[in-house]
Amino acid sequence: MTQTSKQDHVLIFDTTLRDGEQSPGATMSHNEKVEIAGLLDEMGVDIIEAGFPIASEGDFEAVRDIALNAKNSVICGLARASTNDIDRCWDAVKHAPRGRIHTFIGTSPLHRDITGLSMDEMANKIHDTVTHARNLTNDVQWSPMDAIRTEHDYLCRVVEIAIKAGATTINIPDTVGYTIPRESSDIIRMLLERVPGADEIIFATHCHNDLGMATANALAAVEAGARQIECTINGLGERAGNTALEEVVMALKVRNDVMPYQTRIDTTKIMNISRRVSQVSGFPVQYNKAIVGKNAFAHESGIHQDGMLKNKETFEIMRPQDVGLAGTSLPLGKHSGRAALRAKLDEMGFALADNQLKDVFVRFKDLADRKKEVFDDDLIALLRDSGAAEQNERIKVKFLRVICGTQAPQSADLILEIDGVEHQKTCEGDGPVDATFKAIKELFPTTARLQLYQVHAVTEGTDAQATVSVRLEEDGKIVTGQSADTDTVVASAKAYVNALNRLLVRREKSAPDADVKTVKYTDAG
């Protein structure tokens with residue numbers, strides 16, 4: 001393992017469970033907090049700010065249990081400039097192998113007015129509370145809230161007081177997302193140059209994203225000498241959020257040539273924890289979000305898709321696998337070219353000659369002008385319309401009867417024809433669809449995971465035809481199935497089986513030495 005000096009290493013301080021949870025509506029349960037903390041610890045986060053112990057009994061218990069379960073990460077709790085807050089914080093984090101107290105006070109003129117303290121009175125309070133925290137633990141972090149809008153002379157003064165009182169980490173927060181990169185770096189340089197003892201402690205940066213510059217501001221602070229970045233998964237946090245962990249970590253990884261700093265983060269776990277935080281917080285990740293957004297590794301433009309098929313580095317500065325994704329996505333739309341269409345059809349198991357592809361491509365472009373995105377189902381329909389495919393149905397739904405209603409158990413009696421042989425199974429479930437899907441999995445076991453289940457009514461009225469879409473994922477392969485029926489449960493069963501049939505085609509395509517399926521084709525016209 002390569003040895004790195006203190007100056008080469010940037011500590012990652014994750015505050016998803018504290019600042020991130022302060023996003024309106026993002027409250028997590030006790031078990032969810034403990035789970036996310038475990039994922040952060042496993043990922044290699046240096047410091048986990050687990051919560052604000054004095055805020056509530058529930059917050060205290062969550063921080064305490066996270067501390068009890070910690071393996072490698074320092075577990076930190078937040079405390080105001082109050083001995084009661086600090087004592088409560090220590091009571092929670094002291095159970096960790098390594099616990100930290102993070103205490104703060106607002107130092108800008110606006111915040112001083114709120115507290116009613118003079119500069120001298122606040123300076124004395126900082127000295128007393130940091131000293132109290134240091135008497136409890138050797139790991140004390142202090143933050144001058146709204147530091148960016150604090151007078152420079154006063155900021156230097158209170159930072160010096162906190163260092164002399166025993167703070168080992170000084171965090172410089174841009175509490176309201178007001179700064180820009182040049183100012184962010186200038187403040188860190190100023191403190192390092194003007195404050196006695198500044199070279200003996202760690203400076204941290206905590207940036208909010210109100211002007212959309214949190215990541216840039218954090219990296220600018222690192223270049224100026226900060227060695228701890230405070231961030232959250234998915235950039236979750238107050239108002240517009242915080243510096244996103246995935247952004248700063250991958251920026252340091254990708255641009256190590258100009259920012260030669262190391263972190264302990266296992267980047268291959270980024271996507272997994274991003275999705276989990278999105279689930280438990282209820283905050284979906286925007287499609288165009290850097291690193292973890294759905295479109296971060298997706299290319300629709302024909303020029304981009306052609307380049308990606310020839311050399312991925314032409315349009316991707318990092319590998320999807322580096323963040324835990326199976327690979328790049330080339331979604332098909334009106335901007336896609338012939339090379340991407342051929343690649344997609346080949347991936348699906350259909351090998352077309354040039355004249356066959358030419359005809360399907362014309363039909364594809366016509367459809368793409370009418371749809372935002374063309375899916376596998378659409379392509380198969382195009383191939384069928386042109387006579388370019390024969391349906392591969394190894395599995396068929398032959399019989400289905402369900403029992404549902406207010407009295408449990410709900411059950412499904414299902415007969416599937418698999419490779420020409422009928423098999424029957426009855427299963428109970430949480431409703432008729434769940435019971436039906438369980439029966440299918442019993443009759444045809446797979447490791448495929450259900451990613452999507454959607455029902456849409458094609459027409460109005462109680463006799464409306466329901467269109468059901470099912471998306472399955474197995475070992476990075478994603479397939480969709482769709483079916484329509486006036487009986488929603490029947491449509492659901494057929495859609496699931498439809499997806500399984502397509503999964504079998506994908507398996508055959510990816511099997512060692514497997515031949516690409518040749519399709520029957522008749523020229524149109």
**Q** Would R100 and F13 satisfy side chain to side chain contact (heavy atoms under 4.5 Å, CB included), going step by step from the backbone distance to the final call?
**A** CA-CA 11 Å; R100 173 180 293 190; F13 177 112; 4.0 Å; yes
**Q** Keeping to residues at least two apart or across chains, list the ring pair (Phe, Tyr, Trp, His ring centres under 6.0 Å) pairs with something in residues 186-212.
**A**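 Those involving residues 186-212 are H206-H208.
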**Q** Under the ring-ring contact (aromatic ring centres under 6.0 Å, His included) rule, collect the residues that match up with Y496, sequence neighbours excluded.
**A**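 So Y496 forms a ring-ring contact (aromatic ring centres under 6.0 Å, His included) with F437.
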**Q** Can you check side chain to side chain contact (heavy atoms under 4.5 Å, CB included) on R471 and Y453, steps first, answer last?
**A** CA-CA 7 Å; R471 184 184 302 156; Y453 171 73; over 6 Å; no
**Q** Excluding sequence neighbours, so at least two apart, what forms salt bridge (Lys or Arg N to Asp or Glu O under 4.0 Å) with D41?
**A**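 Partners of D41 by the salt bridge (Lys or Arg N to Asp or Glu O under 4.0 Å) criterion come out as none, since no residue qualifies.
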**Q** I'd like to check I54 versus R80 (side-chain heavy atoms, cut-off strictly below 4.5 Å). Are they in contact?
**A**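 Heavy-atom side-chain distance check passes, below 4.5 Å.
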**Q** Count the heavy atoms of every other residue, nucleotide or ligand shown that sit under 6.0 Å from CG of N256, and state whether that count exceeds 12.
**A**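 Atom CG in N256 is crowded, with more than 12 foreign heavy atoms closer than 6.0 Å.
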**Q** Compute whether any side-chain donor of one residue and acceptor of the other, for T103 and T129, lie under 3.5 angstrom apart.
**A**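 No, T129 and T103 have no side-chain donor paired with an acceptor closer than 3.5 Å.
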**Q** Is V195 close to C156 at the side-chain level, that is, under 4.5 Å between some pair of heavy atoms?
**A**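 Yes, close enough: below the 4.5 Å cut-off.
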**Q** If you measure from the Lys or Arg side-chain nitrogens to the Asp or Glu carboxylate oxygens, is any gap between R276 and E35 under 4.0 Å?
**A**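 Answer for the salt bridge query: yes.
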**Q** Within the 4.5 Å heavy-atom criterion, are T205 and N217 side-chain neighbours or not?
**A**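 They are not in contact (no side-chain heavy atoms under 4.5 Å apart), so the answer is no.
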**Q** What pairs of residues pass the side-chain hydrogen bond (donor to acceptor under 3.5 Å, both in side chains) test when at least one of them lies in residues 89-99, not counting sequence neighbours?
**A**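 For residues 89-99: none.
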**Q** Rounded to the nearest 0.5 Å, what separation is found between the SG atom of C231 and the CD1 atom of I265?
**A**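 So the SG of C231 and the CD1 of I265 are separated by 7.5 Å.
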**Q** Quick one, E246 and M271 - any side-chain contact, counting heavy atoms below 4.5 Å?
**A**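 The answer is no; the side chains never approach within 4.5 Å.
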**Q** With distance as the sole criterion, is a donor-acceptor pair present between the side chains of R18 and Q22 under 3.5 Å?
**A**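 Note: R18 and Q22 side chains meet the donor-acceptor criterion.
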**Q** Using the test side-chain hydrogen bond (donor to acceptor under 3.5 Å, both in side chains), find all partners of R182 that sit at least two apart in sequence or belong to another chain.
**A**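 For R182, no residue satisfies side-chain hydrogen bond (donor to acceptor under 3.5 Å, both in side chains) once neighbours in sequence are set aside.
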**Q** Are side-chain N/O atoms of D174 and T179 paired as donor and acceptor at under 3.5 Å?
**A**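 No, no side-chain donor-acceptor contact under 3.5 Å.
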**Q** What pair of heavy atoms forms the shortest contact from M28 to L17, and how long is it?
**A**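 Looking at all heavy atoms of both residues, the closest pair is SD-CD2, 3.9 Å.
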**Q** Please evaluate residues I291 and M318 with respect to the criterion side chain to side chain contact (heavy atoms under 4.5 Å, CB included), reporting the C-alpha separation (whole Å), side-chain torsions for both, the decisive distance (0.1 Å), and the verdict.
**A** CA-CA 9 Å; I291 315 299; M318 65 194 90; 3.6 Å; yes
**Q** Could you walk me through whether S143 and H102 pass the side chain to side chain donor-acceptor pair (under 3.5 Å) test, one step at a time?
**A** CA-CA 8 Å; S143 293; H102 177 196; 2.6 Å; yes
**Q** Only counting residues at least two apart or in another chain, list the ones meeting side-chain hydrogen bond (donor to acceptor under 3.5 Å, both in side chains) with S108.
**A**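 So S108 forms a side-chain hydrogen bond (donor to acceptor under 3.5 Å, both in side chains) with D146.
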**Q** Quick one: salt bridge (Lys or Arg N to Asp or Glu O under 4.0 Å) partners of K438, sequence neighbours excluded?
**A**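 Partners of K438 by the salt bridge (Lys or Arg N to Asp or Glu O under 4.0 Å) criterion, ordered by chain and then number, come out as D434.
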**Q** Using the test salt bridge (Lys or Arg N to Asp or Glu O under 4.0 Å), find all partners of E193 that sit at least two apart in sequence or belong to another chain.
**A**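 Not a single residue meets the salt bridge (Lys or Arg N to Asp or Glu O under 4.0 Å) criterion with E193.
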**Q** List for me each residue that meets side-chain hydrogen bond (donor to acceptor under 3.5 Å, both in side chains) alongside E42, sequence neighbours excluded, and say none if there are none.
**A**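 Partners of E42 under the side-chain hydrogen bond (donor to acceptor under 3.5 Å, both in side chains) test: K269.
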**Q** Any ring pair (Phe, Tyr, Trp, His ring centres under 6.0 Å) involving residues 134-170? Give me the pairs, sequence neighbours left out, ordered by first then second residue.
**A**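 The answer is none; no pair qualifies.
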**Q** Using side chain to side chain contact (heavy atoms under 4.5 Å, CB included), reason through L245 and T232 one step at a time and then give a plain yes or no.
**A** CA-CA 5 Å; L245 179 148; T232 61; over 6 Å; no
**Q** Tell me, yes or no, whether the heavy-atom count around F283 atom CZ, taken from other residues, nucleotides or ligands under 6.0 Å, exceeds 12.
**A**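 Above 12, so yes.
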**Q** What pairs with K164 under salt bridge (Lys or Arg N to Asp or Glu O under 4.0 Å), at least two apart in sequence or on another chain?
**A**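 Scan of K164 (salt bridge (Lys or Arg N to Asp or Glu O under 4.0 Å), adjacent residues dropped) gives E160.
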**Q** Just by distance, with hydrogens left out, do E230 and Q141 show a side-chain donor and acceptor under 3.5 Å apart?
**A**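 E230 vs Q141: donor-acceptor pair found between side chains.
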**Q** With a 4.0 Å cut-off, would you call E247 and K289 a salt bridge?
**A**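 Salt bridge present between E247 and K289.
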**Q** Any luck finding a side-chain donor-acceptor pair between T137 and D139 under 3.5 Å?
**A**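 No.
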**Q** Does any donor atom in the side chain of S469 or Q482 lie under 3.5 Å from an acceptor atom in the other side chain?
**A**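 Q482 and S469 do have a side-chain donor-acceptor pair below 3.5 Å.
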**Q** Do T168 and I202 come close enough that some side-chain heavy atom pair is under 4.5 Å?
**A**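 Of all side-chain heavy-atom pairs linking I202 with T168, none is under 4.5 Å.
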**Q** Using the side-chain contact (heavy atoms from CB on, under 4.5 Å) criterion, which residues pair with H30? Sequence neighbours excluded.
**A**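 V34, E61, A62, D65.
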**Q** Return yes if a side-chain donor-acceptor contact under 3.5 Å exists between D120 and S118, otherwise no.
**A**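 No, no side-chain donor-acceptor pair sits under 3.5 Å.
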